[in-house]
Structures are given as C-alpha cells and as structure tokens.
Novice: 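My structure is below; once you've seen it, I'll send some questions.
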Amino acid sequence: MDAACRRYFLTCARKMSLMDKKMTSLSRFSIAVKTQVNGKNRLGTNLDYRALFEQIGECVFIIGLDFKFITANHWALHLLGYEEHEISGISVRDVVMLDSVDEHEALLDKYVGISESTLKKKNGSLLPVELSISVVHTEMDAPAYIQMLARDISDRKLSEVIFKRHVRALSVIGEATALLFRNPDIELTIPDVLESLAYAVDVFSCALFNIHMPTMKVLYQWTIPDLKTFDIQAALYPFLDAIVDSPTRVFSVTGVKLNDEDVPLVSILAIPMQGVMGSWGYLVLFDKENELSWLANEFDTIQTTANLIGAALERLRYEKTISINEARYRIIVDALPDLLLRADLNGRILDYNANSNHPLYMPRESMIGKKLQDVWPPDVVKMILETENRDAFLSSHWVYGFSLPNHEQTFEARLHPISAEEALITVRDITEQARLDQMKSDFINRASHELRTPLTSAIMMAELLQQGGTKDEMDEYWSVLMGELNRQKDLINQLLLAGRLESGRMKLDAVPLDVMPILKEAILAVKVIATKRNVSITLESIDTSLILLADKSGLSQVFINLINNAVKFSPDGRTVEVRVSKGARDAGISITDHGLGIPPDAIPHLFERFYRAKNVTVAEIPGSGIGLYIVKSIVDELGGKISVSSELNKGTTFTVKLRLNGGADL
C-alpha cells in the first residue's frame, strides 16, 4: 500500500473510532496482529478468533491494513462460497465492487457506518449486501485491522424490484380506473380500464362476464387489435361449471388448446368481483403463454383492478339506492310523531322537521336560522343544550317532563351529538305517558297504604290478643285480625293476578260451562261484606241454567270484582242489582249500583292499570286501581266484551257479554 494511502487510512481510522460507538479495543480480544518484513499482516499464533466469530450471527470479514482479506467466519465463507484457506490473501478490490479509482479511499469514504454494496462470489455471481466497516485499534490507539460485517439483502432487493413493478402497474391502472369515479358513463370507461390492465400485466385480452347457467354473457371486453376475432365465450365455455362451483374463489388454468390459428394455446385467469351488495360477475384475463408467468408478481394488481371495477359498478347502484333512500327517509321523518331539529352549540336551528299533528309544528322555513332561546323559555333551552363541555357536544342526554308556554302537553327532549358543534334533538309529546307514570306513582302510594293499614291493625289485634280479655273481646279481636289479613291477601292476589295476565303466564280456556252457579257463588262471596254495609244484592234471570264459553276461575274473578265494587260504592241501605239476559249469540250479565257514579271524562280510562277516578279518591274509598284492569283483561282473553254506563250521583252499570255455546265470535 502506498504511503499517501496509508496516511489517509490512519487519519480516517481515528475518525472512525470516534464515530462507531460499537467499536471495541483490540485488548478486549485474544488477537495479536504481526507485520512481516514484506508488509503483509497475518494472524499471530496466539489468535483465538473462533470463539468471537461463533458468537456473532453476522457475516464477519477480517481485512488487513494492506486491504487484503486475512480470514472470515463460517457465515461469511458460506455467503461467498469460499473455503477459509481460499479467502486469505485475496484483495478487497476482487470481492467488493468499488466505482472509485482509488478503491482504498473509496472503501473508507463510502462505508464508514452502514451502506449498500455488491460482493462478487467465488462463482463470479454478484450479491447485493449491506456493509458495516470499522477499524479495530490496539491499546496504543494504533489501527490493527479492518472488520467488515456483511448482510445479504438480495431478498430485499428482489422485493424492491417487485414493488416497483407493482407501483408502475398500479399507477397505470390507477389513472385508468380514476375515470370510473369521474365519468358517470361507466360503459364508456370500463373498456379503457381493461386496455390499461392488459398492457400493464402483458396479456392480449381482458373481459368482464356474468354466468347464468347454462349460459354466460360478456359485458365488456378488450382484445389487442390484431386478435379481434378471438372468441372469449368459446374459450371460457368448457370451464363454466368449475367457475360456478366456487363462485368466490379465483379460477386459473394453463395450456388450454383452442381451435384458433392465431391463439392455439392460452392460459386463463378468472377473478370474482365481489361487492358489498353482491357479486358483479368475473374479470377474466387471457395470456398467450402456456403458464401464468405474471401471476406471482402482479396478481395483486389484477385483484385491485377487479375490486375497482366492482366498486364502480356498485357506485351506480349506490347512487340509485341513495336517491331512493333519501326519498324514503324523508317520508319516514315526516311520518314520525316526534319533532326533529338540528342545532349548534349556540342554539341556532339548522334544520326543523315536525309532523303537522305535533303540538310544536311550525313550517320548516320559518324556523331555520332562529335560536331556540327566541322560541322556547331560556331555562328549558339550557336544560336541553347543557353539556359537560360548553365548547362541544360530547354525550347524549335526556330531559324529561317539561312544559312550554301556551301548550298543555308535557314533553321530553333527547339530545344526540352529531359532531362536536352539532346535535340532533328529538322532542316528543309524552302527555299520556306522564299521566300513566302519575297513575303508577299513585298506585304505589295507595298499595303501600292498603298494605300498611291492615298490617298495622293486624299487629294491634295480635298485641291485644296477647294481653288477653273477655271472650267477647277476644272474639272481636280475632274477627278484626282475620278481616285485615284477608284484605292484605286480596290485594296481594290482585297484584299477582295482574302480573300473570300482563306477562301472558295466565292461560284461560274458553269451554262450555253453566254460568249461573259461578254467578251465585260470587254473590255469596261478597254477601258478607254487603251485609256489613247494609247493602242487599239481588239476582234476576229468566233462566236457571245458561251455558257459555268461559273459564271458571277467570269468570269468578270478573264477577267478584264487579259485584264487590258495586257494594263498595253503594250507600247504606241501597241494592246492587245483578241481571242476566240472553240474546241470539251471546248472554249479558250486568251489575248495577246506585252510588257515586263515574265522571264522563274518567270512563275511557277506567280499565287502565292503576287508574282511579278523582271523585273516588276525594271520597277516600279504598282500592288499588287494578281490579277493573284485571276484569277487562280476563273478558278480552275469553273473547267477550265489557261496557259501562254511568250517571254522577245516581249509579253505574257494568255489562259483560260472553258467547253462548255454539255462538259466533263477538
């Protein structure tokens, strides 16, 4: 090595030792480098480099200061195809491909750190590698030898080549398929896409086709100009069954012989075009060669093109579907009973839609642009628009049970964020629901009272019984105790019965039976209570036997409830009248009292759960509000009907109609 190069090397070596943090001092290894008289570096007899090499999974070359190989580890020798004794003494310039005239300076300039290069193998072939070169120093900080690590990057280079081919092909296809999404006339653009695909993957024909066994239809096609007579259907027909048997899988076949002088032998690739809304047929490519030579490298490009064409075909259907859906959604929105409005954080109305029957209906055009604060009270608007963060709509919330000026109804509002700055608000008229909720609340209060009162009395009677007394006193205590416990039992039974009816667990079977004994038993069951209230019960019937389609236990509940109510609402000394009448198809059982009567506005709600008329509540007549609900549910289950007529302060009549045995449905 000439003096100038050596000086340059020594200067660079110092710089490299500072640059390479992984560099190790020579004293750390059992290596001694000796210089012979002829200037050549060789390994000393005490060199123990094998242990070092075996611990490194990289290809390691040791190069002398004269830029000749001293040795290499197993991985490095295998990489280049040399034996250990063969590589010693070979010049670096014979293995590392250097472009610079001064190879030594080029090696140091180019490969300080990590860089890519090419190595020549023993058999003369070239191998792309990644090189990392550093200089090992002695304890005196003098350069001892050069260490070169090489990593085979041939696979990566091959991948890069393949990737570039794919990018080039996708670029061509991308430009063509972009037309599919800019041009509404897909029938004109798809043939251009097929032409671009054919040139990109080097095939002579592309086509789109559908199969409707036993026939097929070519939708679009492109073939190179000098093969315009190529018959696509004739080439595909023998394989239709195989393609249809696996409609979601790629079909390929090579070496297909055709009765065509220009194309005697072809290879075929058919790819299904699956879309969200179903299959759009197949993309087929024809290659003149006896095998699909492009399949391994460019199949992704072909598949992408098939997907793009399928997406373009779907676009047309989507546009039609969107148009239909927009009209459908507008009809649905217009039919919704709720008020729908969009508003921003400041309460400005962006959209307003209400059914003409909605209490808050206003023409859409008159509301857009206004602020909610200008339409509704500020306190209501604040509740609706209130968010955790005043700068954004973050979560949904619900405002229940508010009223608005000049409106008798009760409303609820639900806010659903569309974005941070915009929300959808639905406003619903819940007047009826609020009324039912109030009825339920009243029922809970009444039920609690009805259960607590007899329980308190029962406890008191039990305490008096425990204290003792005369025989008459003890009999009275026992009588009161049993009466209060029976009140509790009746209320609990009614609650359980209502629950079974509502859940559908109580099944009633309408079978032929004589209603008169059931009616008499019901009167007898209530007679004790009637006697205590000085109320008499009369039964009027022209028939001693009356066969109806009914359920015994269910009908007993109906009669006991109605007769008991009549007794409860009758003044002392009055009469409850039970009448039975018979028609051509049905029979009617009516129960009449001469009590408070029912207000006309309460009659439509009598059979609702927990409902009690106001005059009954004012009169403090006990009751749960579910008895008539049970009666109506049982009568409906039996296929009958119940009606009521009433006059305030004169009395009420309930009439139950049931089918005669053999009679038609009511």
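Numbering starts at 1 and runs along the sequence shown.
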Novice: Return a table of donor-acceptor pairs under 3.5 angstrom between the side chains of residues 416-426 and protein atoms on other chains or two or more places apart.
Specialist:
from, atom 1, to, atom 2, distance (Å)
His416, ND1, Ser396, OG, 3.4
Ser419, OG, Glu421, N, 3.4
Ser419, OG, Glu422, N, 3.3
Glu422, OE2, Arg342, NH1, 2.5

Novice: If the threshold is 4.0 Å, N to carboxylate O, is there a salt bridge linking Asp586 and Arg659?
Specialist: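 Salt bridge: no.
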Novice: Apply side chain to side chain contact (heavy atoms under 4.5 Å, CB included) to residues Ile547 and Ser545 and explain how you reach the verdict.
Specialist: CA-CA 7 Å; Ile547 307 300; Ser545 176; 4.0 Å; yes
Novice: If you take all heavy atoms of Val244 and Pro247, which pair is closest and at what distance?
Specialist: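 In this case the closest contact between Val244 and Pro247 is O-CD, 3.2 Å.
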Novice: When you compare the side chain of Leu372 with that of Asp374, does any pair of heavy atoms fall below 4.5 Å?
Specialist: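 They are not in contact (no side-chain heavy atoms under 4.5 Å apart), so the answer is no.
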Novice: Could you go through the side-chain hydrogen bond (donor to acceptor under 3.5 Å, both in side chains) check for Thr653 and Thr592 one step at a time?
Specialist: CA-CA 4 Å; Thr653 298; Thr592 302; 2.9 Å; yes
Novice: When you compare the side chain of Ile603 with that of Asp601, does any pair of heavy atoms fall below 4.5 Å?
Specialist: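 No, too far: nothing below the 4.5 Å cut-off.
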Novice: CG of Leu339 to CZ of Arg428: how many Å apart, nearest 0.5 Å?
Specialist: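 It comes to 11.5 Å.
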Novice: So which atom in Ile368 and which in Tyr352 form the shortest heavy-atom distance, rounded to 0.1 Å?
Specialist: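 What the structure gives for the nearest pair is CG1-N, 4.3 Å.
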Novice: Under 3.5 Å, is there a donor on one side chain and an acceptor on the other for Asp429 and Thr431?
Specialist: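 Yes - a donor-acceptor pair under 3.5 Å links their side chains.
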Novice: Looking at every non-hydrogen atom in both residues, tell me the closest pair between Ser366 and Pro363 and how far apart they are.
Specialist: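 So the two residues come closest at OG-O, 2.7 Å.
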Novice: So, do Asp351 and Arg364 sit near enough that their side-chain heavy atoms are less than 4.5 Å apart?
Specialist: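 A side-chain contact exists here, since the closest heavy-atom pair is under 4.5 Å.
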Novice: Is any side-chain N of the basic residue among Arg328 and Glu326 closer than 4.0 Å to the acidic one's carboxylate O?
Specialist: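 No, Arg328 and Glu326 are not salt-bridged.
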Novice: Report the residues that fulfil ring-ring contact (aromatic ring centres under 6.0 Å, His included) with Tyr400, sequence neighbours left out, ordered by chain and then residue number.
Specialist: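 If we apply the ring-ring contact (aromatic ring centres under 6.0 Å, His included) test to Tyr400, skipping adjacent residues, the hits are Trp398.
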Novice: Indicate whether the side chain of Thr652 and that of Ser646 have a donor and an acceptor atom separated by less than 3.5 Å.
Specialist: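 A pair is found: one side chain offers a donor N or O, the other an acceptor, under 3.5 Å apart.
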Novice: Nearest 0.5 angstrom please: Leu539 CG to Lys520 NZ, how far?
Specialist: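 The CG atom of Leu539 sits 7.0 Å away from the NZ atom of Lys520.
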Novice: Kindly assign one of parallel, tilted or perpendicular to the pair Trp376 and Phe402, based on the angle between their ring planes and the thresholds 30° and 60°.
Specialist: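 Tilted.
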Novice: Does any N or O in the side chain of Thr531 come within less than 3.5 Å of the main-chain N or O of Lys527, such that one atom is a donor and the other an acceptor?
Specialist: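 At least one qualifying donor-acceptor pair exists.
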Novice: How about Glu408: does its CD atom have over 12 heavy atoms from other parts shown lying under 6.0 Å from it?
Specialist: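 No, because the 6.0 Å sphere around CD of Glu408 holds 12 heavy atoms or fewer from other groups.
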Novice: Could you tell me the separation between the CG atom of Asp551 and the CG atom of Leu548, rounded to the nearest 0.5 Å?
Specialist: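 Rounded to the nearest 0.5 Å, the CG-CG separation comes out at 12.5 Å.
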Novice: Please round to the nearest 0.5 Å and tell me the distance separating atom CG of Asn353 and atom OH of Tyr361.
Specialist: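 Answer for the CG-OH pair, Asn353 versus Tyr361, is 9.5 Å.
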Novice: Are Leu513 and Val511 close enough, and set up right, to give a side chain to side chain contact (heavy atoms under 4.5 Å, CB included), and what steps lead you there?
Specialist: CA-CA 6 Å; Leu513 53 82; Val511 297; 4.3 Å; yes
Novice: Does any N or O in the side chain of Asn564 come within less than 3.5 Å of the main-chain N or O of Ile560, such that one atom is a donor and the other an acceptor?
Specialist: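 The answer is no, because no donor-acceptor pair under 3.5 Å joins these two groups.
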Novice: Are Ile518 and Lys552 packed together at the side-chain level, in the sense that at least one heavy-atom pair is separated by less than 4.5 angstrom?
Specialist: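 The answer is yes; the side chains approach within 4.5 Å.
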Novice: Could you pull out the closest heavy-atom pair between Asn346 and Gln373, with the gap in Å?
Specialist: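 Closest heavy-atom pair between Asn346 and Gln373: O-NE2, 3.3 Å.
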Novice: Between CZ of Phe393 and CG of Leu385, what distance do you get to the nearest 0.5 Å?
Specialist: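 With rounding to 0.5 Å, CZ (Phe393) is 5.5 Å from CG (Leu385).
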Novice: Has His594 got a side-chain atom pairing as donor or acceptor with Val576's backbone, closer than 3.5 angstrom?
Specialist: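 Answer holds: no.
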Novice: Would you check if Val578 and Leu519 make a side-chain contact, meaning some heavy-atom pair closer than 4.5 Å?
Specialist: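 Counting from C-beta outward, Val578 and Leu519 do come under 4.5 Å.
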Novice: Look at Asp593 together with Lys568 and state whether they make a salt bridge at an N to O cut-off of under 4.0 Å.
Specialist: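 Salt bridge flag = no for Lys568 with Asp593.
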Novice: Which atoms form the tightest heavy-atom contact between Ser403 and Val380, and what is the distance?
Specialist: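 Minimum heavy-atom contact is O-CG2, 4.1 Å.
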Novice: Hey, could you give me the CD1/CE distance between Ile349 and Met362, rounded to the nearest 0.5 Å?
Specialist: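 Rounded to the nearest 0.5 Å, the CD1-CE separation comes out at 9.5 Å.
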Novice: Can you confirm whether Glu432 is buried at CD, in the sense that more than 12 heavy atoms of other residues, nucleotides or ligands lie under 6.0 Å from that atom?
Specialist: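 More than 12 within 6.0 Å, yes.
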Novice: Mind checking whether Val558 and Ile642 have side chains closer than 4.5 Å, heavy atoms only?
Specialist: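 The answer is no, as the side chains (C-beta and beyond) never meet within the 4.5 Å cut-off.
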Novice: Before giving the answer on side chain to side chain contact (heavy atoms under 4.5 Å, CB included), spell out for Leu546 and Val580 the whole-Å C-alpha distance, their side-chain angles and the decisive distance to 0.1 Å.
Specialist: CA-CA 9 Å; Leu546 184 62; Val580 180; 3.5 Å; yes
Novice: Could you walk me through whether Leu638 and Leu549 satisfy the side chain to side chain contact (heavy atoms under 4.5 Å, CB included) test, starting with their C-alpha distance in whole Å, then the side-chain angles of each, then the deciding distance to 0.1 Å, before giving a yes or no?
Specialist: CA-CA 8 Å; Leu638 294 175; Leu549 292 174; over 6 Å; no
Novice: I want to check something: taking the side chain as every heavy atom from C-beta on, are Asp514 and Pro517 in contact at a cut-off of under 4.5 Å?
Specialist: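 The answer is yes, as the side chains (C-beta and beyond) meet within the 4.5 Å cut-off.
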Novice: Checking His407 side chain against Gln409 main chain: does a donor-acceptor pair fall under 3.5 Å?
Specialist: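 Checked: no pair found.
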Novice: Closest heavy-atom contact between Leu660 and Ala584?
Specialist: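 Smallest heavy-atom distance, with atoms named: CD1-O, 3.8 Å.
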Novice: For residues Arg574 and Asp572, determine if any side-chain heavy atom of one lies less than 4.5 Å from a side-chain heavy atom of the other.
Specialist: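 When only atoms from C-beta onward are counted, Asp572 and Arg574 do not touch, as no gap falls below 4.5 Å.
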